[in-house]
Amino acid sequence: MPELTYREAVRDALARALREDESVFLMGEDIAEMGGSMAVTQGLLAEFGPKRIRNTPISEIAIVGSGIGAAIQGMRPVVEIMYEDFLTLSMEQLVNQAAKHRTMSGGQVTVPLTIRTQGGAGWSPGAQHAQQLEAWFVHVPGLKVVFASTPEDARGLLWSSIYDDNPVVFFEHRTLYPLKGDVPDRLEPIPLGKARVHREGEDVTVVATGRLVHEALKAAEEAGTEGISVEVVDPRTLQPLDEETIVASVRKTTRCVTAHEAVVRGGFGAELAAVIQHGAFDWLDAPIERVGAKFAPLPFAPAMEQWVVPHAEDVLEAIRRTVARG
Amino acid sequence: MPELTYREAVRDALARALREDESVFLMGEDIAEMGGSMAVTQGLLAEFGPKRIRNTPISEIAIVGSGIGAAIQGMRPVVEIMYEDFLTLSMEQLVNQAAKHRTMSGGQVTVPLTIRTQGGAGWSPGAQHAQQLEAWFVHVPGLKVVFASTPEDARGLLWSSIYDDNPVVFFEHRTLYPLKGDVPDRLEPIPLGKARVHREGEDVTVVATGRLVHEALKAAEEAGTEGISVEVVDPRTLQPLDEETIVASVRKTTRCVTAHEAVVRGGFGAELAAVIQHGAFDWLDAPIERVGAKFAPLPFAPAMEQWVVPHAEDVLEAIRRTVARG
Amino acid sequence: MATVEERAESGGRRVSEQLLKTFFREMLLIRRFEEKVEERFRAGELPGFLHVAIGQEAVATGVCAALERDDVIASTHRAHGHAIAKGTSVERIMAELYGKLEGCSHGYGGSMHLYDVEVGNLGANAVVAGGIPGIVGAALAFLMRGEPRVAVAFFGDGATNTGTFHESLNLAQLWKVPAIFVLENNGWAESTPATQQLPLPVDELARRALAYGMKTIEADGQDVEAVYLAALAAREHAAAGKGPVLLHLRTYRLTGHYVGDPQVYRDRAELKGERETKDPVELLRARLQLTDEGLAAIDAQVTAEVEASVEFAKAGTDPSPEDAAKYVYA
Amino acid sequence: MATVEERAESGGRRVSEQLLKTFFREMLLIRRFEEKVEERFRAGELPGFLHVAIGQEAVATGVCAALERDDVIASTHRAHGHAIAKGTSVERIMAELYGKLEGCSHGYGGSMHLYDVEVGNLGANAVVAGGIPGIVGAALAFLMRGEPRVAVAFFGDGATNTGTFHESLNLAQLWKVPAIFVLENNGWAESTPATQQLPLPVDELARRALAYGMKTIEADGQDVEAVYLAALAAREHAAAGKGPVLLHLRTYRLTGHYVGDPQVYRDRAELKGERETKDPVELLRARLQLTDEGLAAIDAQVTAEVEASVEFAKAGTDPSPEDAAKYVYA
Ligand SMILES: Cc1ncc(C[n+]2csc(CCOP(=O)(O)OP(=O)(O)O)c2C)c(N)n1
Ligand SMILES: Cc1ncc(C[n+]2csc(CCOP(=O)(O)OP(=O)(O)O)c2C)c(N)n1
Ligand SMILES: [Mg+2]
Ligand SMILES: [Mg+2]
């Protein structure tokens, strides 16, 4: 099985879809000659030409909005918003238009649009280039939300997102791009709405997304040396959410930690905690612990930045706290 | 004590601040001659003139953004976004600018800006004029978030918001404007971050916001006839959140229902549930039940609309469910 | 929408009396429909937010007549005229206002979200300018696939103040997509007059296009013939691959912003003057020299059609409550 | 920022040789500062995203020299020159890039968020066009309070494609606030050339202002004297209550978009040509007929200043981790 980086895996999904299907095309800022600010789309211009790999002006409203219009006409556009912080400019089109056209039209219209974006802290991007905003979109009926944490997942989930007939917001994490992993030669679409159990365990379930999946796996390893057996589950699709797998895991382990890089308050971990406390109430032996960023805009100086966002140690501490209970 | 409607109470806070303080001024669409699309600012143009009651073009980015700039220069602008659905257009300025200037500048800049907005279902406004989006803002460090449910609270909280040195997003609910309530002659500022216990009870705590406070009170009344004693708490300020009052209430009653009009998935009730299951874990006798809108863009036809958004009966059923447990 | 034959008869650039009569009938139908909407609203029968375009009928009729059936439009909160002119029956529109399954959006949309994909109506939009970027994308799809279609966005003067408008027109011109941007300039945004919302003289709003180097075509929005010819020219330009067009039509809103608007902000004498001199239906009637009888005959027809639409709507099927969740995902 | 005396000496409209020399010194300081930033980045000492404005020094220096100390600016991701020209010491800027408490944003901001409220720098912004609306609001506050100040937004050609730009200029013109919009047109948005992002010829980008009826003033952005005089004229206009100005300055980005950018997208010959003919520091040196010795003397001074700033920065204080939460709320 060949090894691809997370970056290459995303690119591979895009390239294959572009190759097989004339209705797929890309739009975004600096995705052509430059290959994207994260080098994800490198080489695609050469293979597919400027009609299908479209550099856009700095117009986040129009990028998403024109993607919607093209999607309604039967195309499958994949648009890129360079940093998810700039999704703040596209919210109207995403939330009021893409998510609602189908319902408002009584089922006449479908919007098979994929919005790729990325973000995350690391190497001091500062407060306006590092947010993790996936929780907002989970609150919007009509959108699907994906957050891939491994090369294999990134490719299989992006493929499914492109071929889903609904608008999908597809989150990538900036620090994961160089991450390597086995990815099968044959592209296996990964169905949206299916969690992945990364590691089985008996004592605590960590439900983690994005970069924190890897931090959770490190923490689990460490916890193992302390005699704590940790199960790590990545929902991968945040909406629709695989509640069944997650709740079953916590019913088994009886303890739970949620972990993401986004701010804890109002984050996706809140939704997870609400679902889990409901579904596994009689099984839980400790309160669900939430790990995430502290409540502050991300400062520049590395020491402050690293303090704000969570790491493996934070997950480990939460695991210990939850085990220490009763 | 005079009776004011919720609408008049909001207006009263605005008028008093405008009267006492030259640095206060209003901007928004149709707030002048027309007095606002919800008639909240009626009469203010006559008293304060067009320099301070400023009709704006349809420019939600610039309305919030220029409010930020004026606030940094020492003004206390109160800007109105006609429907909170249109906050989707202002997100960049709110989230990347207003919320972060202070941290990014290392404390040099303050942004004493108030953003008033309103929303809610009722009488078929359709999918783009009825959302309840408060949960998004709770997830953004640097913003404060207020949601007033009574005339007295609306006035006292709006006053405190105007005089808070931070950007405050102030939510009103469209169906509450005609609601009457006693409001003291003397304006008592209500501190941000203090919950209000509307009704004491022994068996279940309902933590409700906005319109659902009133639905919860109705449900509590009804539950009383069934022998269930319900406590109703309104956080009023969603961020900073009065966790202490809320958790204390649930420790007392041992059961909890959260209730808002917003969509359940990813809503503020998720944050409440996460906080409460953590703070009252050893006290809880039943899983926390969440009441909110069903997962769908709001359809137009009244029967469907009413099915999507929650009512007193939904709260009552949740109360019953939680009491039925063990 | 005029048939190809009707247009041919008009000799391409001159409009036949017959076609003008067709326009008149449609404009009167729109007028009577919207008067009926106002009446049924006052009767308490219609939920939701309603905006009529009384005074702006020539825009809807003239523009849509210049389009082909395969062309698509995006409409606004002031949508009834556009929907009728693009080819949706008044029955299905009225049923929509009553929230019935038979409605053109099956009861999910209401007045501000009239869709009818079959005739190319991609939907009215309750967010000002919200539908414009989608039209750029539709036009882009046509361009990429080499289809001879154009995409048309309707919007008002107030919408030109939005960032959404700016980014859309800018991108459309950059990529030379076959789009027409119909600026339905009635000089008001709700209660806010042009002087309080536009930094340009209201009659010179076509200058917005200068920022993009976009072609503009202008016409008197109260003169359906002028609108039609201007729209034909715009369509020709766009369809020929020469890039998008800003079609600037000065028009008049002869009623309130919304149905029920007391218009406290409006000068009565001015409004009265506009009603007397700017009514496009009256102007066309005069031009066609319709006799009272001629008028009455047409009026009887369209009034009956509107009445029938109310009957149709009332007899329609209410959705079940749980249908609400039917179309969240495809 | 030129002192009032220096300006008076310039006779109001002609620029004295002495002032030009002051400009030269500042431009060279900016240049050496940014070269040092590149060097320290390559040495792995600087975290964060860095963008230098090598080639654009005349814009920062010329514009800020025309401002009063009480005037305010909002800057962009390409911020070092603006910050230096508005009066922040290179020490405090360098300390910011090293994330130190002594930095002009106390280590919270970094290169893309240089603030210095005391000298009127309201902050650099990492969101393209993100700072423009705030400048409209600052100018509004000045107008409402009758203060004789102007507010100035810097932004690039790429930024003119944003809705934020459009809404801001539109509102500024409508309300005639004392603002100057400095369009620093280097013909690139990251890797995207003018032809791929602007529907207008790159040299005619001042046409953006036609959509608002806003006054425009243009100057060669490589000629600091021209920039300075144009900015003075713009300030006079805005401060006199005549409304805002779009100040269009054509300039050249003589390096990559960000520090470390391999510029795969750029024609090498063209870039070389621009470096040889468009360098504003070189152009001014030639004009001033500086001898090698004269140049060396100034260079030694500014280079020493820059070196000292690195020493200052390295000796600075690292914030404690928990300081992160210090300024979430006021
Ligand atoms: C983004 C947004 N802001 C505000 C509103 C409220 N609103 C509805 S219609 C309208 C005025 C629109 O003016 P114009 O574009 O000229 O269209 P007209 O009503 O004159 O047909 C406003 C402000 C809205 N629907 N969307
Ligand atoms: C809203 C937004 N979109 C995209 C980016 C990424 N980005 C940073 S700088 C830049 C190009 C800006 O071009 P221009 O405004 O001409 O300024 P220049 O870099 O040429 O100085 C882009 C696209 C951003 N920071 N903000
Ligand atoms: Mg209008
Ligand atoms: Mg540029």
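No experiment lies behind these values; they were computed from the predicted model shown. In the text below, chain A, chain B and the rest are named by the order of the sequence lines, each starting its count at 1.
- By the neighbour-count criterion of 12 heavy atoms within 6.0 Å, atom CD of D/Glu118 is sparsely surrounded, having that number or fewer from other residues, nucleotides or ligands.
- Residue contact with chain D, scored on non-hydrogen atoms closer than 4.5 Å, is absent for B/Ser23.
- Closest approach of D/Asp116 to B/Gln108, counting heavy atoms only: CA-OE1, 3.4 Å.
- Remark: D/Lys242 NZ is loosely packed, at most 12 non-hydrogen atoms of other residues, nucleotides or ligands lying under 6.0 Å away.
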Practice item. Please assess D/Leu171 against B/Ser66 for the test side chain to side chain contact (heavy atoms under 4.5 Å, CB included), listing each intermediate value before the final yes or no. Key: CA-CA 9 Å; D/Leu171 188 66; B/Ser66 64; 3.8 Å; yes

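- When each of D/Ala74, D/Gly123, D/Gly130 is scored by its heavy-atom pairs under 4.5 Å with chain B, the top score falls to D/Gly130.
- The part of B/Asn96 that comes within reach of chain D is its side chain, from C-beta onward, which places non-hydrogen atoms under 4.5 angstrom from that chain.
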| request: Would you sort out whether D/Leu140 and B/Met75 count as a side chain to side chain contact (heavy atoms under 4.5 Å, CB included), showing the intermediate values? | output: CA-CA 10 Å; D/Leu140 176 63; B/Met75 305 296 282; over 6 Å; no

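- Of all the listed residues (D/Gly110, D/Gly109, D/Ala138, D/Gly163), the one sharing the greatest number of non-hydrogen pairs under 4.5 Å with chain B is D/Ala138.
- With a 4.5 Å cut-off on side-chain heavy atoms, B/Ile61 and D/Phe165 do not count as touching.
- Heavy atoms closer than 4.5 Å to chain B are found in the side chain of D/Leu174, but not in its backbone.
- Contacts of B/Ser105 with chain D are made by both backbone and side-chain atoms, with heavy-atom separations under 4.5 Å.
- Of residues 96-105 of chain D, those residues with a non-hydrogen atom less than 4.5 Å from any non-hydrogen atom of chain B are, in numerical order, D/Cys104, D/Ser105.
- Top candidate by heavy-atom pairs under 4.5 Å with chain B, chosen from D/Gly137, D/Gly134, D/Gly107, D/Gly131, is D/Gly137.
- In terms of heavy atoms, D/His106 sits closest to B/Gly106 at CD2-O, 3.3 Å.
- Not a single donor-acceptor pair under 3.5 Å links the side chain of B/Gln73 to the backbone N or O of D/Ala141.
- Annotation: maximal heavy-atom pairing with chain D below 4.5 Å, among B/Arg54, B/Glu92, B/His101, B/Lys144, occurs at B/Arg54.
- Among residues at least two apart or in separate chains, side chain to side chain donor-acceptor pair (under 3.5 Å) pairs with a member in residues 319-330 of chain D are B/Gln239-D/Tyr329.
- With respect to chain D, the highest number of heavy-atom pairs below 4.5 Å among B/Lys100, B/Lys51, B/Glu22, B/Gln93 belongs to B/Gln93.
- Residues forming a side-chain contact (heavy atoms from CB on, under 4.5 Å) with B/Ala248 (at least two apart in sequence, or on another chain): none.
- Residues from residues 143-153 of chain D that place a non-hydrogen atom less than 4.5 Å from a non-hydrogen atom of chain B comprise D/Met144, D/Arg145, D/Arg149, given in numerical order.
- The contact between B/Glu60 and chain D is made entirely by backbone atoms, counting heavy-atom distances below 4.5 Å.
- Distance CD/B/Gln97 to CD1/D/Ile132: 10.5 Å, rounded to 0.5 Å.
- Residues D/Leu122 and B/Val109 are not in side-chain contact: their nearest non-hydrogen atoms beyond the backbone lie 4.5 Å or more apart.
- If you measure heavy-atom distances from D/Val177 to chain B, you find no contacts under 4.5 Å at all.
- Here the side chains of B/Ile63 and D/Glu167 are not in contact, with every heavy-atom distance at 4.5 Å or above.
- The two residues D/Pro133 and B/Ala62 make their nearest non-hydrogen contact at CB-CA, 4.5 Å.
- Using a 4.5 Å cut-off between heavy atoms, B/Leu143 touches chain D through its backbone atoms (N, CA, C, O) alone.
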